[in-house]
Number of protein chains: 2
Amino acid sequence: MLRQVTATLGSVSQISRPVKAKQSTGHGDARRERWRGHRQARRAEFVEAAVRAIGNCGAEVGMDDIAAEAGVSKPVLYRHFSDKSDLYLAVGEWGTNLLMERISPTLQQEGSARERIRRIIGTYLGVIEEYPELYRFVVRRNFADRPVQTDPVTTEKTVIANSLSRLLGEYMRSLELDSGGVEAWSHGLVGMVQASGDWWLDRHSMSRDDLTEYLTRIIWFAIDGVLRAGGIVIDPDEPLETVPQLRVVEDDAD
Amino acid sequence: MLRQVTATLGSVSQISRPVKAKQSTGHGDARRERWRGHRQARRAEFVEAAVRAIGNCGAEVGMDDIAAEAGVSKPVLYRHFSDKSDLYLAVGEWGTNLLMERISPTLQQEGSARERIRRIIGTYLGVIEEYPELYRFVVRRNFADRPVQTDPVTTEKTVIANSLSRLLGEYMRSLELDSGGVEAWSHGLVGMVQASGDWWLDRHSMSRDDLTEYLTRIIWFAIDGVLRAGGIVIDPDEPLETVPQLRVVEDDAD
DNA sequence: GGTAGCTGTTACTTGCCGTAACACGCAATT
DNA sequence: AATTGCGTGTTACGGCAAGTAACAGCTACC
């Protein structure tokens with residue numbers, strides 16, 4: 001499986017995924033073509049209904065709830081989603097898109113290294129605070145009865161981690177440092193922020209700004225340590241000049 | 001809910017949890033008392049059957065499978081576990097115990113700060129590599145239909161993170177540093193190691209030792225950064241002299 | 001002996017995912 | 001104009017797994 005994910009954080013934060021690959025040239029009937037845009041639109045519509053339903057019913061929504069929210073009966077859903085996890089996956093993508101679209105502009109603004117980290121984390125925490133039920137749905141709901149690779153959480157976390165890998169990798173290479181660890185670090189950092197956010201969302205035992213600050217601190221320390229080990233010292237509060245653009249990430253699942 | 005967790009890493013790594021709090025003094029019948037040990041033993045026996053069943057069937061085991069593995073029919077299981085998530089929770093505890101028991105001795109050995117970190121992470125990765133199915137079961141299987149606080153993953157991760165909080169907090173206080181961030185950091189670090197391990201388990205794109213080394217590096221950098229910010233510099237390869245004992249952690253869920 | 005607490009069983013209900021079967025509407029083909 | 005393809009939608013059902021009667025036997029306390 002080779003899922004192409006173009007997360008062009010430089011200009012557009014759209015994450016486009018190839019849709020189902022239904023071969024359109026089977027036999028040249030224009031009627032099939034005619035509906036293609038429509039089907040995509042309806043899928044999106046159902047995904048948004050699912051998001052609303054999750055907001056209402058909480059993370060334990062059923063397909064009937066979602067269908068009801070969309071003002072439609074269940075079999076209609078199944079014309080657009082092969083099964084539950086397909087829909088859930090789409091909801092996950094929706095969330096990831098939202099997150100990316102919010103993070104993207106913060107990366108284009110000027111700012112020091114530490115400030116950029118702060119903004120990313122703050123944005124992330126803002127999103128999960130805004131959509132707590134959706135967040136729980138996407139992150140906590142798993143599918144032990146599915147092959148691991150198709151599990152929504154893993155998938156979306158992987159997408160984000162891969163984007164981050166790309167970003168960190170570009171930095172490292174532009175600084176001529178060994179980039180062997182970036183993949184592991186990316187997944188680790190994503191997991192770290194997610195876990196902290198998870199914990200914070202349940203407890204709310206500190207303000208968002210405080211948590212942002214704490215996380216920013218140790219993440220900066222980690223990065224700084226790696227850089228120093230490579231003989232590079234960067235002032236965390238000095239504006240960055242070189243900003244590699246994050247462009248294409250490929251999911252290298254086999 | 002106040003779950004008491006005594007994780008005395010200094011001597012014993014046993015994690016004891018209060019069992020069901022069934023009031024034994026309801027009416028003084030000795031027959032109830034007589035069976036208490038027995039019931040605990042059977043619960044444990046079923047948990048181990050579940051662990052075996054998970055090893056065989058993978059993470060998608062059903063109650064029937066587990067019952068079959070235990071050589072018993074389903075209702076018997078339900079006499080010892082209120083429902084599925086109760087059993088799953090117990091399996092999670094089993095795993096956490098295993099992990100703690102393996103980590104504990106490594107903490108008692110001598111070693112530098114970095115070496116200690118390395119050992120903890122290496123041990124963790126070793127465990128999840130040894131029990132991949134169990135790991136997936138515990139970590140990936142979630143319960144959107146349960147209140148968040150009773151979700152196995154959250155629960156076990158919280159247990160570990162709380163232990164770590166305690167450990168880090170003791171260090172910080174003994175060094176007279178501000179310990180305000182340790183809780184967030186603990187949950188974050190646990191999440192980081194877990195996410196990296198998760199990713200590694202799926203891909204195996206590097207050796208265990210390599211991943212251990214990479215994780216150890218950035219975690220050390222993070223810790224080192226926090227210490228330096230507090231005006232303290234520790235040689236990562238110098239043996240540690242003060243080793244606070246990890247003793248009692250209380251789950252401060254309300 | 002009666003009873004409380006365990007041992008165990010088979011057969012059932014329940015809930016939710018997913019599907020079969022059926023009917024209608026609109027546009028492209030013929 | 002009639003047919004055919006692809007969409008719209010429905011109600012009612014099948015199936016699987018969780019969880020629950022309802023029943024029966026065994027041992028030790030009272």
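Numbered from 1 within each chain, the chains take letters A, B, ... in sequence-line order.
- Residue A:R42 has a polar side-chain atom (N or O) positioned under 4.0 Å from OP1 or OP2 of D:dG9.
- Put simply, the side chain of A:V193 reaches to within 4.5 Å of the side chain of A:I219, judged on heavy atoms.
- Checking side-chain atoms of B:W199 against main-chain N and O of A:A184 turns up no donor-acceptor pair under 3.5 Å.
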What are the atom names and distances for every N/O pair under 3.5 Å that joins the protein to nucleotides 10-15 of chain D?
| unit_1 | atom_1 | unit_2 | atom_2 | d |
| --- | --- | --- | --- | --- |
| D:dT10 | OP2 | A:S73 | N | 2.7 |
| D:dT10 | OP2 | A:S73 | OG | 2.4 |

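- Across the protein-nucleic acid pair, B:L77 atom CG and C:dC6 atom P stand 16 Å apart, rounded to whole Å.
- Taking a cutoff of 4.0 Å between a charged side-chain nitrogen and a carboxylate oxygen, B:D65 and B:K74 do not qualify as a salt bridge.
- Here D:dC16 presents its P atom at 16 Å from CD of B:E60, a figure rounded to the nearest Å.
- Comparing the axis of the opening five pairs of the helix from C:dG1-D:dC30 to C:dT30-D:dA1 with that of the closing five pairs yields an angle of 20°, rounded to 10°.
- A sub-4.0 Å separation between OP1 or OP2 of C:dT7 and a side-chain N or O of B:H80 is present.
- Salt bridge absent: A:E60 and A:R136 never bring a charged side-chain N and a carboxylate O closer than 4.0 Å.
- No donor-acceptor pair under 3.5 Å is formed between the side chain of B:D210 and the backbone N or O of B:M206.
- Residue pairs meeting the salt bridge (Lys or Arg N to Asp or Glu O under 4.0 Å) criterion with at least one member in residues 47-58 of chain B, sequence neighbours excluded: B:R52-B:E69.
- Contacts of residues 62-69 of chain B with DNA chain D (heavy atom under 4.0 Å): B:G62, B:M63, B:D64.
- For A:S186, the side chain to side chain donor-acceptor pair (under 3.5 Å) test picks out A:S165, with sequence neighbours left out.
- Residues B:D198 and B:R203 are not paired through a salt bridge, judged by the lack of any N-O separation under 4.0 Å between the basic side chain and the carboxylate.
- Not a single donor-acceptor pair under 3.5 Å links the side chain of A:S104 to the backbone N or O of A:E101.
- Separating the CZ atom of A:F81 from the P atom of C:dT19 is a distance of 15 Å, rounded to the nearest angstrom.
- Listed by chain and residue number, nothing satisfies the side chain to side chain donor-acceptor pair (under 3.5 Å) test with B:R79 (two or more places apart in sequence, or in another chain).
- Between B:Y78 atom OH and C:dA11 atom P there is a gap of 19 Å when expressed in whole angstrom units.
- Straight-line distance from the CD atom of A:Q40 to the P atom of D:dC6: 17 Å, rounded to whole Å.
- For the ring pair (Phe, Tyr, Trp, His ring centres under 6.0 Å) test with B:F137, the passing option among B:W94, B:Y131, B:Y88 is B:Y88; the others fail.
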